[in-house]
Amino acid sequence: MVALRSYFWLFTLVVSCSALVLAESAWNGHTTPGSVTPSSFNPYYVAPGTKGYDSGSKLLHYSGKWKEKYSSRYTHKSVHATSRAKSYMTFTFTGTGVEWFGNMGQRHGIADVYIDGKLIQRVDTWSAKNLRQQRLYWTFDLAHGKHTLKIVNSGDRRDESKGTTVDIDALVVTMGSTTSVAAAPPPQQDNTTSGEDYAAAFENFASSPVTSQWTLSQKGATGVHAMQLAVISQSHALVIDKVEHNPLSIDGHPAWAALYNLRTHSVKPLRMQSNSFCAGGTFLSNGTLINVGGNPVVQDHTSAADFGDVDGLQAIRIFEPCDSDNVDDCEIVENHSRLRMASPRWYNTVVRISDGSAMIIGGSKKGGWINNSTTNNPTVEYFPPKDINGVNGLPITLPFLVETLNSNLFPIAFSLPDGRMFMAANNDAMIYDWKNNVEHRLPQIPNGVRVTYPMTGTGVLLPLSPANNYASEILLCGGSTVDDKKPGYEISSQDPASSQCSRMVLTDAGIQAGWQVEQMPQARTMPDAVLLPTGKVLIVNGAGTGISGYGNVINQVGSSNADNPVFTPVLYDPSAPNGQRFSSAGMPTSDIPRLYHSVATLTPSGMVMIAGSNPNLDRSEEKYGTEYRVEWLSPPYMNVERPHLGDVPRKLGFGRTVKFDVDLPLSLQGGDVKVVLMDFGYVTHAVHADSRLVYLESSVSDGKVMVTGPPDGGIYPPGPGWIMVVANDIPSEAVKIMVGDGKSPEVNEGAIRNLLTHTSADQYDDEKHHEDDDSE
Ligand SMILES: *[C@@H]1O[C@H](CO)[C@@H](O)[C@H](O)[C@H]1NC(C)=O
Ligand SMILES: *[C@@H]1O[C@H](CO)[C@@H](O)[C@H](O)[C@H]1NC(C)=O
Ligand SMILES: *[C@@H]1O[C@H](CO)[C@@H](O)[C@H](O)[C@H]1NC(C)=O
Ligand SMILES: *[C@@H]1O[C@H](CO)[C@@H](O)[C@H](O)[C@H]1NC(C)=O
Ligand SMILES: *[C@@H]1O[C@H](CO)[C@@H](O)[C@H](O)[C@H]1NC(C)=O
């Protein structure tokens, strides 16, 4: 079912070439972990688990007129070059990806790249400056198996070029994971799934019939590994990673952020100043997206490479709205001397609240997971900063985040209809009344299940509806019962994950009744819960055993702390009777493990985009490798006639009624029609921040929808959202809309000034020199 279709990376070609042309020839940085001496960087990189082939290898077959040239600046000191049209090289390999490295320069021309006989891309190797060991072509999403790469000198050149040289310095093959899962395993009814049960479960696939209309296809590659994902417009998603050897380049070094075109599957690298490793993010009420927190500059055990990034621990990166299909001018900006958090945060959760600003919750002051409060940052702060509860722009301590050590990173948090904040961390939950700085503790999560990093589960705020006065209900799924006070050497990648989901209505009566426990058909740590426009919840990704992270438990697989990837999604129907809510019936099964640093999101078309997985310090193709391939899960509604929306107004004010056209196919007329407002969320580390579905008051007649905006910012925090008309459970495509007035959240200049006066930029770097002050 994983069909590779032919595609053209034309956009990628243009971008990578221009980036190389504009860039300095060799960026100087520290390119290895812990290195303190700058060394010159070039893109040639043989990731662990990949295999490099020099231009002189016997496996490269040259045809036509080629010359061997020698220089110490080439890999293995030689390249094969040709200026003749039609001269070509062929290379047959087994794997899922291949990269071609060679020179660029003023005498260079255009090559045609063929994969398996099909023209895939024209590559212009001209550059104003001579550049060595450049990545001229890459693909990472071939179907498993044998492929042939053919590079042909086209004889063409751009006008500026003084020649038609094309050369080959080296090729690098990605073998791809050898996990093979043929078809959907039968849904497991056993709640007590352990690592050993998995192997047994997977032996039965051959017999399972494929009956449903759910389909899964693999298409596209993210170019930078997808650690963080947010849909930003009808056409694009923002992908953010950490600093590492990604294939997509910018300014002559690997990029760690990109815009992914949901329609053409091309990627545009984004320039980022600081390391966004384990940052969080949210949109604000004016549509601007902020990306918050991250990682310090290269550290032995926290970062693999340093490509000139600065400390990201206090970073607030601004991505202004970028709604057009043309993303040429979209960029991320940051300037820590005037725009930053008060305190350093790694693994913080960021949520848009009822006034349209962002609450920045918890995290670690320098990353990592340790058995004490040394690095815990048990506070919240706001962006823009607030003068609130007697604290002017500075962090406010939450006892909840002190008491939930050790496993309390990336708290699960949702803004509730009454404006308060639900939070779950470790084995606990509470409601935080941020306006008055009061915590209301909720019952503990039953059966000792922990739900936040590194015992990662996921959470959803179930759909909100005027029918029950927007009663909010939380669902927490997966995670682990592993003791968070244990040292890594007593935790194993084979320790079973939890299959428990815990659900509670956040009304007095609901809290009184406590958490209702259900069991997923398979245990999962690091699952992703994706709200669908039908009101159901899709649970994908994750592992049957182990915990989040890499490099700190026993029985690691490669570096992965988790094993037994769960390959089959499961659908949860919140309105079905208990016991009948989970179903994997007819769900397609993937063969791509999606473990630590995986993501999934709904996209405007209605398909679910699944990407990422990287339980590695730096890009590695050893099991479990760094995953760039994207999968698209199509719910059955993608295959039928769907409602079609006319021009939807761009703004939806609170309590205001708007009208637009809807075209309902005959088959859906006279049925049950609902209008839903969704936030697809900002996804990272199994946290789907802001994810939300609100049923709107609406009526449909004569092809017109009258729909009334949510009552206030409690029901839907002001900011961007997506409108869909859902008829008989068949949704239209989603249209982006601005909920509220589209204005900036309140800016308190006094709070900003106080923050800037009382905190320093990039404190962590300072602390390395003189240890002390974190007074607040
Ligand atoms: C699975 O969970 C259900 C509901 O919690 C319970 O009734 C059933 O006995 C459990 N099955 C096993 C095998 O533990
Ligand atoms: C960053 O902000 C400071 C203070 O406002 C300003 O002086 C500086 O020019 C800014 N830097 C950049 C690169 O914009
Ligand atoms: C906290 O844990 C770290 C890592 O295990 C250790 O180095 C440090 O000494 C501990 N600090 C305290 C105050 O116990
Ligand atoms: C972690 O700290 C707790 C008490 O704070 C202690 O009981 C436990 O043994 C510690 N674990 C390790 C691995 O040091
Ligand atoms: C939105 O508001 C934030 C916070 O005030 C501000 O930084 C950002 O520039 C604003 N965006 C636009 C497009 O005005």
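Note that the coordinates shown come from a computational prediction; the quantities given were computed from them, not determined experimentally. Note that ligands are numbered from 1 as they come in the structure, with each ligand's atoms numbered from 1 the same way.
Protein heavy atom nearest atom 6 (C) of ligand 5, with residue, atom name and distance: Asn286 ND2, 4.2 Å. Summary of contacts: the protein heavy atom closest to atom 7 (O) of ligand 5 is Ile318 CD1, 4.0 Å. Here the protein heavy atom with the shortest distance to atom 10 (C) of ligand 4 is Asn371 ND2, 2.3 Å.
Taking every heavy atom of Ser744 and a limit of under 4.0 angstrom, the matching atoms of ligand 5 come to 2 (O), 4 (C), 5 (O). Interface atoms of ligand 4 facing Pro487, defined by a heavy-atom separation under 4.0 Å, are 13 (C). Atoms of ligand 5 lying under 4.0 Å from any heavy atom of Val747, numbered from 1 in the order shown and given with element: 5 (O). Taking a cut-off of under 4.0 Å to the non-hydrogen atoms of Thr288, the atoms of ligand 5 that pass are 1 (C), 8 (C), 10 (C), 11 (N), 12 (C), 13 (C). Atoms of ligand 5 found under 4.0 Å from any heavy atom of Glu320 (numbered from 1 in listed order, with element): 8 (C), 9 (O), 10 (C), 11 (N), 12 (C), 13 (C).
Note that atom 14 (O) of ligand 3 has protein non-hydrogen atoms nearby, at separations under 4.0 angstrom. Inside a 4.0 Å radius of atom 4 (C) of ligand 4 there is not any protein heavy atom.
Annotation: Asp647, atom CG; neighbour count of heavy atoms from other residues, nucleotides and ligands within 6.0 Å does not exceed 12. Within a 6.0 Å radius of CG in Asn436, other residues, nucleotides and ligands contribute more than 12 heavy atoms. Other residues, nucleotides and ligands place more than 12 heavy atoms under 6.0 Å from the NZ atom of Lys486.
A salt bridge (Lys or Arg N to Asp or Glu O under 4.0 Å) with Asp679 holds for exactly one of Lys736, Arg692, Arg352; it is Arg352.
Where the criterion is an N or O separation shorter than 3.5 Å, residue side chain and backbone included, Lys486 fails it with respect to ligand 4.
Checked for salt-bridge contact, Lys386 and Glu381 miss the test: no charged N lies under 4.0 Å from a carboxylate O. Salt-bridge check for Arg263 with Asp325: passed, with a basic side-chain N closer than 4.0 Å to an acidic carboxylate O.
For the residue pair Ser343 and Asn377, a side-chain donor N or O sits within less than 3.5 Å of a side-chain acceptor on the partner.
Nearest to atom 2 (O) of ligand 3 by heavy atom, out of Thr374, Ile370, Asn372, Thr375, is Asn372.
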Next on the checklist: Would Arg420 and Asp433 count as a salt bridge (charged side-chain N to carboxylate O under 4.0 Å, His left out) here? Give the steps.
Outcome noted: CA-CA 5 Å; Arg420 297 182 301 167; Asp433 174 357; 5.8 Å; no
